[in-house]
Amino acid sequence: MRTDLPPGWPTTIAEARALQERLCDEVVTTGGPEAPGLIAGVDVHVAERTGLTWAAVALVDGSGLELVESALAAVPTGFPYVPGYLSFREIPAVLAALSLLDRAPDLVMVDGQGIAHPRRLGIAAHLGVLLDVPTIGVAKSRLIGQHDEPACTKGSRVPLTHKGEIIGAVVRTRDGVSPLYVSVGHRIGLERAVELVLATTTRWRLPEPTRLADKLSRMHPV
DNA sequence: GCGACAG
DNA sequence: ATCTTGTCGC
């Protein structure tokens, strides 16, 4: 798995936008692992006080959903939060954390959008292209697109559309909780992405890989 | 010009 | 994301 930060990493919005417009053609929106043996969940926390961006990775067994390995890494915060450019703020830390894993994941679930993005390259899609590994975007709120309200029961879903395209699905992962925004990251189809998110969700709103990564990231040293 | 806006 | 305790609900 290629976890090195590519040379010429953008430092300005203009450079970042140019990179997104160039990389979006490399995203593969079909396929997906049938039964992923190892699924990684990633989450990031920015510590304002220390100027550090922490990334946590939770590697979960695809069948039993138990935690098999985890990693935590910090990198100096190098990019501001600008809607549409989240990857430039979080990916450096995420790659650092992924590089610490002993085993490579068959699938990565990212806290954020996949192709449900203005230029179809949200953080999950961007990370997938860099790693050349299947990824799914699992966001807690909407960035772009319109949709109806899904029924309140677990498993209910409605399409998320934008400019006449289906860019994701709004999925109720538990009865009565606010829905998740699931979108294709890389090397997977939307149907498979939604199936895998639901299959890895147990008793909480977030699927296990992402939930465990979130819990871990809240335990960063400082 | 005005409002929206992942984490 | 972050600031932040107790509290409402199942």
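Quick caveat, the model's predicted, so the values are computed rather than measured. Chain A is the first sequence line, chain B the second, and so forth, proteins listed ahead of strands; every chain is numbered from 1.
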Which whole-number value in Å describes the distance from A:Tyr81 OH to B:dC5 C1'? 6 Å
Once you apply a heavy-atom cut-off of 4.0 Å, does A:Gly84 come out as touching a base, just sugar-phosphate, or nothing? base
When we call it a touch if two heavy atoms are under 4.0 Å apart, what does A:Tyr85 touch: a base, just sugar-phosphate, or nothing? base
A:Arg203 bridged to A:Glu208 by N-O distance under 4.0 Å: no
Indicate whether OP1 or OP2 belonging to B:dA6 is found under 4.0 Å from a side-chain N or O atom of A:Arg142. no
Less than 4.0 angstrom between a side-chain N/O of A:Lys140 and OP1 or OP2 of B:dG7, yes or no? yes
Using atom CD1 of A:Ile115 as one end and atom P of B:dA6 as the other, report the distance to the nearest whole Å. 18 Å
Please confirm whether the shortest side-chain N or O distance from A:His117 to OP1 or OP2 of B:dA6 is below 4.0 Å. no
Between P on B:dC5 and CD1 on A:Ile167, what's the gap in Å once rounded to a whole number? 13 Å
Rounded off to whole Å, could you give me the NE2-to-P distance for the A:His147 and B:dA6 pair? 12 Å
To the nearest angstrom, the CG-C1' distance between A:Asp111 and C:dA1 comes to 10 Å
Closest heavy-atom pair, A:Ser217 versus A:Leu72, reported as atoms and distance to 0.1 Å, is CA-CD1, 4.3 Å
CG of A:Leu101 to CE of A:Met1: how many Å apart, nearest 0.5 Å? 6.0 Å
A:His220 NE2 to C:dA1 P, straight-line distance once rounded to whole Å: 11 Å
Think A:Ser141 has a side-chain N or O under 4.0 angstrom from the OP1 or OP2 of B:dC5? no
Atom CG of A:Leu19 and atom CD of A:Glu21: how far apart are they, to the nearest 0.5 Å? 10.0 Å
Rounded to whole angstroms, how far apart are CG on A:Leu180 and C1' on B:dG7? 14 Å
Non-hydrogen side-chain atoms of A:Leu206 and A:Thr201 separated by less than 4.5 Å: no
Just to be sure I understand the rule, does A:Glu48 reach a base, reach only the sugar-phosphate, or reach nothing, if contact means heavy atoms closer than 4.0 Å? nothing
Could you give the CZ-to-C1' distance, from A:Arg89 to B:dA6, as a whole number of Å? 12 Å
Which part of the nucleic acid, if any, lies within contact of A:Ile123, taking any heavy atom under 4.0 Å across all strands shown: a base, the sugar-phosphate backbone alone, or nothing? base
